[in-house]
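Data block below; observations after.
Just so it is clear: chains get the letters A, B, ... in the order the sequence lines come, proteins before strands, and each one is counted from 1. These numbers were taken from a predicted model, which means no experiment stands behind them.
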Amino acid sequence: MKRYLFLMAFACLSYQLLAQIGINTESPQQLLHVDAKGNTSANSNVSDDVVIDKSGKVGVGVLSPTAKLHIETTVSLPAIHLADGSEGDGKILGSKDANGNMTWLTPPTSWTKVVNFTGGLRNYLNGYSALLLSVQLPESGNYIVMLRWWGTANTSFGLISAYLNIKEGVNNVANDAADVNKDNIEYYIKYPQSGAPFSFTSYLRGSFTANKWLKLYISPSTPMPAGQYSWTIGNTTSKELNPTVIILKI
Amino acid sequence: MRIYTLIFFISIMQFLPAQVGINTQNAYTGSVLHIDPKGNTSGTTNSSDDVLIDASGNIGIGTLLPKAKLDIVKAGTNSPLRIVDGGQGTNKVLKSDTQGNASWMDMPSTSAANYSITGSVLTFNAGTVYLVKAIPISANGFYQIVIRWWGRTWGVNGTGVTAAVFYLASSTGSGNAWTADEPNVKDSAESYVSTNATTDKNSYPFCFALPLSSQAAVETYLKVYIKVGVGGPWKTGEIDAWNANWNPSISVYRI
């Protein structure tokens, strides 16, 4: 009985201090050491090994993990394959909640589109809102519309203005009832001579949803009343002698 | 004594043969370790609860055919993988250091906002610096602003022009504190405007769009100051203090 107790005590002590379990290896180097191919010698041929060390760190392809989960691999074999239904080309690994639960997320991207108004003569009558441009947007995000105007007007009032606004719409139809205004300005230009070119640059911004339409409207104003003169573009086919709109997604 | 030796041997090392099954008597073909917690796996059926190490050392969790060093196939409502390191949070992503250590960081993002300079009549006398707007900064980053001016001047110089310098300064407070903020001006530009040469309020409105740029830190302010240098004074709000089209506005983008 005495011997038996001694044996038990020794066994427990031994387990606590020395127990190392090897699978497919006679020389486990950590608490649990799986050598899948049975070919590990010292620190070579470890790419197939899985270990759990005495701190509970898991090593995959490495015998001495330096993180809770430490994976060593080469480009040809991915470190992690994670299939939860959210996977897709170009997605990045992120958290979907405050608790660090992971899923695949769409990374932010930028985008630009440059539109030159070289499509022929257009007149925009003052007092009336006209659709200059509609673009279906590829992604949700913050958009900047840079307007580089170049045109003429047929008034000698000395001062002209136009309202410019961007709206989010569900189609490319002008003045659609579902359009939602995003940003608007009025821009004044000193303009002493009818028919003379004038140019200016301004900026509009808005948050838009993927697949919606960004619509840019112009409504020439001063001098009022409505219908007495026009802003004109498309006198030439030159890119420089016409307006340009740059749409940026930031 | 033989038992003694045997226990000693087991206690220092346990050598187990290839193909260890836990809770299964049929470890999956070719696997080295196969744990079937529910004990219900047959072939590849009912493997969603299984953990396996295959003959190449690849780990499958919820799959018996890992296609990567660690292959996790989600089953049920639990997330397939969770990392709690104190930095976890919604919409964070993993970033690497030079060693491949992963930690959470905020998903890169942008922002865009407009600030209308409305609500009162403002007078900007020549030679004096005024605070136009203190923009609260909610995230670290690089900021681009565009001052979209809309206003009038009460005076021009002899050639019919007026001009003002705009300053963009970073600051910890929102108040009008030009002396303190002047050393922290990050960008500045002067805008010249040609307008009609009257000295009364019948002068034309004028407009321009002026971009300025600065880096800024969270919980600080980017402050736009104006100093009219030629002509003036400039005024805003006196045609309609509340119409956003008929007053200046500032677009702010974090890129």
Side-chain angles (χ1 to χ4, degrees), chain A residues 7 11 14-15 18-24 26 28 34 36-38 47-50 60-61 67 71 73 77-85 92-103 105 108 141-142 144 158-159 163 183-190 201-203 205-207 250, chain B residues 3-4 7-8 11-16 18 20 32-33 53-57 59 66-74 79-85 88-94 101 104 107-112 114 146 148 150 194-196 204-207 209 244-246 249 251 253 255:
Chain A
L7 217 56
S14 302
Y15 269 106
L18 300 165
Q20 299 204 125
I21 294 176
I23 297 179
N24 241 13
E26 293 187 35
V34 180
K37 292 179 179 169
S47 65
D48 58 308
D49 292 17
V50 176
V60 185
I71 301 172
T73 185
L77 180 64
I80 295 180
H81 178 122
L82 201 152
D84 68 349
I92 59 177
L93 208 47
S95 65
K96 63 183 177 185
D97 60 24
N99 301 318
N101 286 309
M102 294 167 74
T103 190
L105 302 174
N142 295 306
I144 303 173
L159 183 71
Y163 290 92
D183 196 9
N184 44 276
I185 58 169
E186 186 190 26
Y187 203 100
Y188 266 99
I189 300 113
K190 186 180 174 186
T201 299
S202 195
Y203 305 76
R205 70 101 202 112
S207 296
I250 59 170
Chain B
I3 293 171
Y4 198 154
I7 291 178
F8 181 70
S11 64
I12 58 166
M13 184 198 300
Q14 291 197 350
F15 176 66
L16 301 171
V20 173
V32 175
L33 173 63
I53 300 177
D54 74 6
S56 302
I59 301 176
K67 300 178 205 54
K69 290 303 270 182
L70 177 61
D71 187 342
I72 306 173
V73 176
K74 180 184 171 180
S79 175
L81 187 59
R82 181 178 174 196
I83 294 178
V84 176
D85 65 356
Q88 69 276 3
T90 304
N91 206 34
K92 293 204 171 187
V93 293
L94 288 180
N101 289 309
W104 291 115
M107 174 83 89
S109 66
T110 65
S111 65
N114 273 0
V146 177
R148 305 185 302 194
W150 196 108
S194 173
T195 185
N196 61 326
Y204 296 155
F206 60 86
C207 299
N245 282 318
W246 298 346
S249 57
S251 286
Y253 322 120
I255 60 169

Proximal component of [X], with respect to chain A [non-hydrogen, under 4.5 Å]:
| X | result |
| --- | --- |
| Ile59(B) | side chain |
| Val73(B) | both |
| Leu33(B) | side chain |
| Asp85(B) | neither |
| Ile53(B) | side chain |

Side chain from CB out, backbone as N, CA, C, O: work out which of these in [X] comes under 4.5 Å of a heavy atom of chain B, or both, or neither.
| X | answer |
| --- | --- |
| Ile92(A) | side chain |
| Thr201(A) | backbone |
| Lys190(A) | side chain |

Contact winner vs chain A - [options], heavy-atom pairs under 4.5 Å:
| options | result |
| --- | --- |
| Asn101(B), Val93(B), Asn245(B) | Asn245(B) |
| Ala55(B), Pro205(B), Ala209(B) | Pro205(B) |
| Lys69(B), Lys92(B), Gln88(B) | Lys69(B) |
| Ile255(B), Val84(B), Thr110(B) | Thr110(B) |
| Trp246(B), Phe206(B), Tyr253(B) | Tyr253(B) |

* To do: Using distance alone, with no hydrogens and no angle criterion, decide if Ser251(B) and Asn114(B) have a side-chain donor and acceptor under 3.5 Å apart.
  => yes
* Can you name the residues that form a ring-ring contact (aromatic ring centres under 6.0 Å, His included) with Tyr188(A), not counting sequence neighbours? -> Trp150(B)
How many angstroms lie between [atom1] in [X] and [atom2] in [Y], if you round to the nearest 0.5 Å?
| X | Y | atom1 | atom2 | value |
| --- | --- | --- | --- | --- |
| His81(A) | Ile72(B) | NE2 | CD1 | 10.0 Å |
| Arg148(B) | Cys207(B) | CZ | SG | 11.0 Å |
| Arg205(A) | Ile144(A) | CZ | CD1 | 10.0 Å |

Minimum heavy-atom distance between [X] and [Y], given as atom pair plus value:
| X | Y | value |
| --- | --- | --- |
| Ala68(B) | Pro78(A) | CB-O, 3.1 Å |
| Asn142(A) | Ser111(B) | ND2-CA, 3.3 Å |
| Trp104(B) | Gly100(A) | CZ2-O, 3.6 Å |

* Counterpart residues, side-chain hydrogen bond (donor to acceptor under 3.5 Å, both in side chains), relative to Asn91(B) (two or more places apart) -> none
* Asked: Side chain of Thr90(B), backbone of Ala98(A): donor and acceptor closer than 3.5 Å?
  ->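 Confirmed, Thr90(B) side chain pairs with Ala98(A) backbone.
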Which of the residues [options] is involved in the greatest number of heavy-atom pairs with chain B at under 4.5 angstrom?
| options | answer |
| --- | --- |
| Ala79(A), Ser207(A), Ser202(A) | Ala79(A) |
| Asp97(A), Val60(A), Val34(A), Leu82(A) | Asp97(A) |
| Gly206(A), Pro108(A), Ala67(A) | Pro108(A) |
| Thr73(A), Asp49(A), Asn184(A) | Asn184(A) |
| Leu77(A), Leu105(A), Ile185(A) | Leu77(A) |
| Asn99(A), Thr103(A), Ile189(A) | Asn99(A) |

* Have a look at Met102(A) and tell me which of Asp84(A), Leu93(A), Ile80(A) forms a side chain to side chain contact (heavy atoms under 4.5 Å, CB included) with it. => Leu93(A)
* Asked: Under the side chain to side chain contact (heavy atoms under 4.5 Å, CB included) criterion, do Leu94(B) and Ile83(B) qualify, and how do the steps go?
  -> CA-CA 10 Å; Leu94(B) 288 180; Ile83(B) 294 178; 4.3 Å; yes
